[in-house]
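Here is how names work: the chains are called A, B, and so on, in the same order as the sequence lines, proteins then strands, and each is numbered from 1.
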Amino acid sequence: MSKKVRVRFAPSPTGGLHLGGVRTVLYNFLFARHNGGDFVLRIEDTDQNRFVAGAEEYIFECLAWCGMKPDESPVAGGPYGPYRQSERKSSYREYAEKLVAGGHAYYAFDTTAELEEMRTIYKTEQNPSPQYDHQLRMKMRNSLTLGEDEVTRLISSGVPYVIRIKMPEQETVHFSDMIRGEVSFNTSTVDDKVLLKHDGMPTYHLAVVVDDYAMKITHAFRGEEWLPSAPVHILLWKYLGWMDDMPQWAHLPLILKPDGNGKLSKRDGDRLGFPVFAMNWTDPRTNDFTQGFRERGFLPEAFVNMLAMLGWNDGSGQEILSMDELIQRFSIDRVHKGGAKFDFEKAKWFNQEWIKKSTPERLKNDVKAILEKNGIVVSDDNYLLSVIGMVKERCTLLPDFTEQSKFFFQTPEIIDTESIRPKWNMDKSVFFKEIQPVLAGLQDYSAASIETAFKDLATARSIKMGELQLPFRIMLVGGKFGPAVFDIAATIGKEETLLRINRALEQLA
RNA sequence: GGCGCGUUGGUCAAUCGGUUAAGACGCUUCCCUUUCACGGAAGAAUGACGGGUUCGAUUCCCGUACGCGCUACCA
């Protein structure tokens, strides 16, 4: 019998949630749901210097917006709490001490200055960044070099120290990554990472294994940047005696910047004009503002869909997939190995597809919020619904609804008379005067009957219908865009139609 | 520098040894529409390089190049 699938997303609450972070959550979430497992959110707040107010709430809101509610979290609780590492502080020391007792870790008393000194002394052209490793540790101040009495004396007199893992020499650590297959490392090339900091908090390295063990995590997904430290984690699982419970690892490819190479950063978004965070974020310390996909006008369905396809596909060629479909089709072995460059044009396409696919009802609240934000009063929801139905295939991002539907709610202030004038003449002027009483007399003010009225009068005055449609459109809309003219006329109503014709005639006179 | 990972069009990518090397985004042209879109049709554009293995390599292996990641008491 296999264990119930349990995965976790473990962000550090230090700022806005990056695209890549959301994708990592997404793959976790899809994997959990696909396998009927649990999805837990754990907060990695072991670095108290990096505490950022509001960052944790922000993460929750992002997940909620994307439709990925954790089954267990600091807020929802669960049987394996606490879910905030700072609240689990006491348990880490115990394990670190156990490692020391077992000879797999040691106390190190080196000060920051001494570490810096070591790095400058041993820095050479061949080795620009010396590591605290099996070669150098015997030259440092630690429980391997100091002698038992001295170590006890230092500790009891309150001298700050850290606990470091003692990496073995010339061993090969290998494991099977769900995405990359067999991966192996020579332990001699890995440094003695700090496990427990002087303030008693664990580093990521210790915390991730203690917590994954405690929370019975079965599959651990994280970014590719963690691959080099994987041997440390694996050895920790081994030394702690938990090898049988070690999760299966999957190191996800990175999301790269669109131009050039390298990890996509917030700065790239600022530079190239697209969002990188899920939602707006203002750093409380620096007041540095970063735009989010949500506020830029993305539907969460599209955002999630786009992210899912950045590094994964099911081989069917179908790209527009709902969360439920993604859950059904997701499989970790179809995740790419190589990083993917982010393409904002394609991201917009996903959103456009989702807007087209969505019902007016689905879009109603989002559009209403956008319109009201732009000073457009929506008093009749049914009217809004029919407007959305007419304009949604013209919108790529939510804010596009403003320009595309403004004229349904407000008489255009300025109209593009320049586009009418070249072909404007007395006949047309007369036509638009004569059409007014005809429209006014219409019993059934529908698109079809307005069109018939136009045709009849056009025929009688020997004017081509086509000659009339553009001016009429500009009178009603203000410019050369929008849905079918007669539909617009019918929607805004008789009175408004007549008003707009008159106004335009005045401007053309 | 060391270690690790990666490499199919401009971008996302299919192919699990045998195809004219899919499809999508973007771009160009055309059709539809006397608006703008949507929709439809067509086009240009791809296996980093060199060795193997094999009857046959984009696919498997090795090397080279290039790219990226890591190299903190940050995650």
Side-chain angles (χ1 to χ4, degrees), chain A residues 10-14 44-47 49-50 108 110-112 115 119 123-133 160-164 177 179-180 183-186 188-191 193-199 201-205 207-208 222-231 251 253-254 256 258-263 306 309-320 333-334 336-350 352-353 356 391-396 400 404 416 419 464-470 472-474 477 479-485 488:
Chain A
S12 169
T14 52
E44 307 235 347
D45 55 350
T46 55
D47 189 350
N49 300 321
R50 298 216 299 167
D110 317 275
T111 62
T112 312
L115 289 172
R119 289 191 186 103
K123 182 173 177 175
T124 61
E125 216 153 275
Q126 281 73 37
N127 185 11
S129 42
Q131 303 194 106
Y132 201 121
D133 61 10
Y161 65 93
V162 301
I163 293 179
R164 288 180 179 270
D177 187 277
I179 294 171
R180 285 149 218 286
V183 182
S184 61
F185 297 85
N186 181 333
S188 294
T189 65
V190 183
D191 64 329
K193 293 257 186 279
V194 170
L195 265 20
L196 199 74
K197 305 188 236 184
H198 79 272
D199 63 359
M201 286 295 259
T203 58
Y204 172 82
H205 307 293
V208 74
R222 62 190 354 176
E224 190 185 346
E225 68 267 27
W226 289 107
L227 206 43
S229 55
H251 290 90
L254 268 18
L256 279 11
D259 56 342
N261 293 302
K263 265 201 285 191
M306 176 272 290
M309 306 309 289
L310 211 54
W312 171 87
N313 72 82
D314 71 347
S316 71
Q318 194 182 334
E319 293 188 277
I320 300 301
D333 48 271
R334 289 197 64 95
H336 276 255
K337 293 182 170 78
K341 287 185 183 176
F342 178 67
D343 180 2
F344 190 54
E345 291 305 316
K346 184 87 183 222
K348 285 194 291 189
W349 174 78
F350 274 105
Q352 185 180 23
E353 290 298 307
K356 277 191 299 187
V391 306
K392 69 188 174 100
E393 65 250 18
R394 274 158 253 260
C395 298
T396 300
D400 294 341
Q404 290 297 330
D416 179 16
S419 294
K464 283 188 201 143
M465 267 292 272
E467 299 279 299
L468 266 11
Q469 291 203 35
L470 187 67
F472 190 35
R473 161 176 303 282
I474 291 173
V477 174
K480 293 194 279 187
F481 61 95
V485 237
I488 296 171

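- Pairing partner, B/C70: B/G2, with both Watson-Crick or wobble hydrogen-bond distances short of 3.5 Å.
- Both distances falling under 3.5 Å, in either a Watson-Crick or a G-U wobble arrangement, place B/A24 opposite B/U11.
- For A/Ile320 against A/Gln318, the heavy-atom pair with the smallest separation is O-NE2, 3.2 Å.
- Side-chain nitrogen and oxygen atoms of A/His251 include none within less than 4.0 Å of the OP1 or OP2 phosphate oxygen of B/G4.
- A/Lys392 has no side-chain polar atom (N or O) that falls below the 4.0 Å cut-off from OP1 or OP2 of B/C36.
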- [ ] Start with the C-alpha gap between A/Lys193 and A/Asp191, add the side-chain angles, then the distance that decides, and say whether salt bridge (Lys or Arg N to Asp or Glu O under 4.0 Å) holds.
- [x] CA-CA 6 Å; A/Lys193 293 257 186 279; A/Asp191 64 329; 2.6 Å; yes

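- RNA chain B is contacted by both A/Gly311 and A/Gln126; A/Gln126 maps to the nucleotide lying nearer its 5′ end (nearest heavy atom per residue).
- Taking atom NE2 of A/His336 as the reference point, atom C1' of B/A24 lies 13 Å away to the nearest angstrom.
- If you check distances only, the side chain of A/Lys193 never reaches the base of B/A72 with a donor-acceptor pair under 3.5 Å.
- Atom-to-atom, CD of A/Glu345 to C1' of B/G9 comes out at 18 Å; the value is rounded to the nearest Å.
- At a cut-off of 3.5 angstrom, counting only N and O atoms as typed in the model, there is no donor on one side facing an acceptor on the other between the side-chain of A/Arg180 and the base of B/C5.
- Using atom P as the reference point in both B/G6 and B/U59, the two lie 15 Å apart (nearest Å).
- Comparing the C1' positions of B/G23 and B/C32 gives a spacing of 24 Å, expressed to the nearest Å.
- With both pairing distances under 3.5 Å, B/C49 is matched to B/G63 as a Watson-Crick or G-U wobble pair.
- The side chain of A/Lys341 places no N or O atom within less than 4.0 Å of a non-bridging phosphate oxygen (OP1 or OP2) of B/A13.
- The CG-P distance, from A/Leu254 to B/C12, rounds to 13 Å in whole Å.
- Considering all non-hydrogen atoms of both residues, A/Leu196 and A/Val194 come closest at O-CG1, 3.6 Å.
- Between A/Thr46 and the phosphate of B/A75, there is a side-chain N or O to OP1/OP2 separation shorter than 4.0 Å.
- Following rounding to the nearest Å, A/Phe350 (CZ) and B/U11 (C1') show an atom-to-atom distance of 12 Å.
- Between B/C36 and A/Arg473, no contact under 4.0 Å exists linking OP1 or OP2 to a side-chain N or O.
- Of the P atoms belonging to B/G63 and B/A72, the separation is 28 Å, rounded to the nearest Å.
- Taking 4.5 Å as the limit, some side-chain heavy atom of A/Asp47 sits within range of a side-chain heavy atom of A/Lys197.
- When the side-chain nitrogen and oxygen atoms of A/Gln352 are compared with OP1 and OP2 of B/A37, none of them lie within a distance under 4.0 Å.
- Atoms CG (A/Leu227) and P (B/G6) sit 8 Å apart, rounded to a whole Å.
- Between A/Ile179 atom CD1 and B/C68 atom C1' the separation is 16 Å, expressed in whole Å.
- Note: CD (A/Glu319) to P (B/G23) measures 12 Å, nearest angstrom.
- Using P as the reference atom, B/U29 and B/U20 are 32 Å apart when rounded to the nearest Å.
- The shortest distance between the side-chain N/O atoms of A/Asn186 and the OP1/OP2 oxygens of B/C3 is not below 4.0 Å.
- A cation-pi geometry, defined here as NZ or CZ lying under 6.0 Å from the six-membered ring centre and within 45° of its normal, does not hold between A/Arg394 and A/Phe481.
- The side chain of A/Arg334 places an N or O atom within less than 4.0 Å of a non-bridging phosphate oxygen (OP1 or OP2) of B/U15.
- Toward the 5' end of RNA chain B, the nearer of the two residues A/Glu393 and A/Val183, judged by each one's closest nucleotide, is A/Val183.
- With rounding to whole Å, A/Asp110 atom CG is found 14 Å from B/A72 atom P.
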